[in-house]
2 protein chains.
Amino acid sequence: MAEMQEMPGHLARRFQQIAVAVFLSEVEAAGFDLTPVQYAALAAIAANPAIDQITLAGLIAYDRTTITGVIDRLAQKGLVVRQASARDRRSRELLITDEGRRALDAITPAVEAAQRLMVRGLTKAETNELIRLMQKAIAAGNDLSRAPLREGTAER
Amino acid sequence: MAEMQEMPGHLARRFQQIAVAVFLSEVEAAGFDLTPVQYAALAAIAANPAIDQITLAGLIAYDRTTITGVIDRLAQKGLVVRQASARDRRSRELLITDEGRRALDAITPAVEAAQRLMVRGLTKAETNELIRLMQKAIAAGNDLSRAPLREGTAER
DNA sequence: CTCTATTGATCAGCATACTGATCATCAGTA
DNA sequence: TACTGATGATCAGTATGCTGATCAATAGAG
């Protein structure tokens, strides 16, 4: 374990580093300017209209304090709107705009290309196995981070 | 691929998120205050005395602009010293201090415990396979990030 | 030897992530 | 209904990572 190259933690950092670089590169080549985090938030808002920020954070496993800035930037780009909830005046309902929907549709092929590119060194079977193992490790460690994934989508 | 939970990029982010949380938790429980990034830098400096910052960055795949701040913090904690090089006045030679060596030795068990904890959902065989697959994917994507890993340790 | 291109380090600026705090609001209870 | 605890959102502060720029110093070509 003394070798850094065999430590899961180091490999996790490195793989994530490459994944982000590939994502940004593919998305920019497609003519868009969205980060992985912004894309995931936009996609989740599209699939869950009027979701509040805390629930959204749980869906994509973001820290609640991170989501504020992410939504700020999506709103500033005109891709989502943040409106006060009538039911609970503390919360903001998030909605994707028409422009956001168009951007999401247009960008998705680049995102999928990025997913393939970041595992280009692996066979299809190896890729599936990597996905399975990461899912399993993540499921076991879900509650160890401050921003665990939370199921229970829209029914709040 | 429409499902986020099957995208390598999302899983990479999530696994890294858990890995960092586990690392910080174990290290703090052991009575230390070091981030994963600071630990890797400290260990690399210990193994490569008088290394310069650029070479160090290549060894652990950090961006060169990131390393400046990391070394700042290690130096501020008294764990390393940064001294001008006689050979090349542009570069700074990095050396671990006695205190840094003691901290490194004392913290290593916690770091290794963290490596095991972050894959606690996997069997030993699965862990080895996850490591192998991440290594392979990373090797193929090494040059896709701004901070690739560079071999060629001390002989500059 | 001089000029140019490169290199080591740093900086400003931006985007995640997190810790811990605050504020307004809400829900449930006495 | 008044109070207490919980909750949604935000903020200040810190630490990665990155883009792109700058500056001093070095190396290589001619």
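As the structure is a computational prediction, the values presented were derived from the model and not from experiment.
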Check your understanding: Between A:Arg13 and D:dT16, does any side-chain N or O lie under 4.0 Å from OP1 or OP2?
Key -> no
Practice item. Could you please name the partner base of D:dC18, counting Watson-Crick and G-U wobble pairs only when both distances are under 3.5 Å? Key: C:dG13
**Study point:** Whole-Å gap separating P (C:dA17) and CD1 (A:Ile60)
**Key:** 10 Å
Point to revise | Closest to the A:Arg146 side chain, choosing from C:dT19, D:dG17, D:dA9 | key: C:dT19
Practice item. Looking only at side-chain atoms of A:Thr65, point me to the closest of D:dG17, C:dG20, C:dT10. Key: C:dG20
Review point. Given atom CD of B:Glu93 and atom P of C:dG8, what is their separation to the nearest angstrom?
Key: 14 Å
Review point. Below 4.5 Å, heavy atoms only, C-beta onward: do B:Asn142 and A:Arg14 meet side chain to side chain?
Key: yes
Review point. For A:Gln17 and D:dC18, is the shortest distance between a side-chain N/O and OP1 or OP2 below 4.0 Å?
Key: yes
Revision key, fill the gap. Closest to the 5' end of DNA chain C, once A:Ala86 and A:Val37 are matched to their nearest nucleotides, is A:Val37
Review point. Can you find a side chain N or O atom of A:Arg89 that sits less than 4.0 Å from OP1 or OP2 on D:dG8?
Key: no
**Study point:** Cationic N near anionic O, under 4.0 Å, B:Arg132 to B:Glu129
**Key:** yes
Study note, to complete from the structure: Between CD1 of B:Ile71 and P of C:dG8 the distance, given in whole Å, is 15 Å
Revision key, fill the gap. Side-chain contact check for B:Thr66: nearest option of D:dT16, D:dT26, C:dA15 is D:dT16
Practice item. For the side chain of A:Thr35, starting at C-beta, report the closest nucleotide among C:dT16, D:dT16, C:dC18. Key: C:dT16
Practice item. Would you kindly check whether a donor in the side chain of A:Arg90 faces an acceptor in the base of D:dT7, or vice versa, at under 3.5 angstrom? Key: yes
Study note, to complete from the structure: To the nearest 0.5 Å, atom CD of A:Gln5 lies from atom CG of B:Leu149 at 5.0 Å
Check your understanding: B:Arg92 has an atom CZ; how far is it from atom P of D:dA24, in whole Å?
Key -> 13 Å
Review point. Nearest nucleotide by nearest heavy atom, which residue falls closer to the 5' end of DNA chain D, A:Arg82 or A:Ala21?
Key: A:Arg82
Check your understanding: Between atom CD1 in B:Ile51 and atom P in C:dA9, what is the gap in whole Å?
Key -> 10 Å
**Study point:** Proximal nucleotide (of D:dA15, C:dA9, D:dA9) relative to the B:Asp52 side chain
**Key:** C:dA9
Point to revise | Spacing between B:Asp88 atom CG and D:dC23 atom P, to the nearest angstrom | key: 19 Å
Revision key, fill the gap. The nucleotide from C:dG8, C:dT16, D:dT10 with an atom nearest the side chain of A:Arg64 is D:dT10
**Study point:** Between C:dA17 (P) and A:Leu149 (CG): distance, integer Å
**Key:** 14 Å
Point to revise | Short side-chain N/O contact from B:Arg73 to OP1 or OP2 of D:dT14, under 4.0 Å | key: no
Check your understanding: Are a donor atom and an acceptor atom from the side chains of B:Asp52 and B:Thr55 found within less than 3.5 Å of each other?
Key -> yes
Review point. To the nearest Å, how far apart are B:Lys77 NZ and D:dA15 P?
Key: 7 Å
Exercise for review: Measure the shortest side-chain to side-chain distance between B:Pro49 and B:Ile96 over non-hydrogen atoms and say whether it is less than 4.5 angstrom.
Suggested key: no
Exercise for review: Each residue besides B:Leu95 in its hydrophobic cluster should be listed here, by chain and number; the cluster joins Ile, Leu, Val, Met, Phe, Trp and Tyr at side-chain heavy-atom distances under 4.5 Å.
Suggested key: B:Val81
Review point. Does OP1 or OP2 of C:dA17 have a side-chain N or O of B:Gln16 closer than 4.0 Å?
Key: no
Review point. Picking from C:dA17, D:dA9, C:dA15, which would you name as closest to the side chain of A:Gln53?
Key: D:dA9
Review point. Considering only side-chain heavy atoms of A:Asp63, which listed nucleotide, C:dG8, C:dC18, C:dT16, is closest?
Key: C:dC18
Practice item. Quick one: label A:Ala147 by what it contacts on the DNA or RNA (base, sugar-phosphate, nothing), any heavy atom closer than 4.0 Å. Key: sugar-phosphate
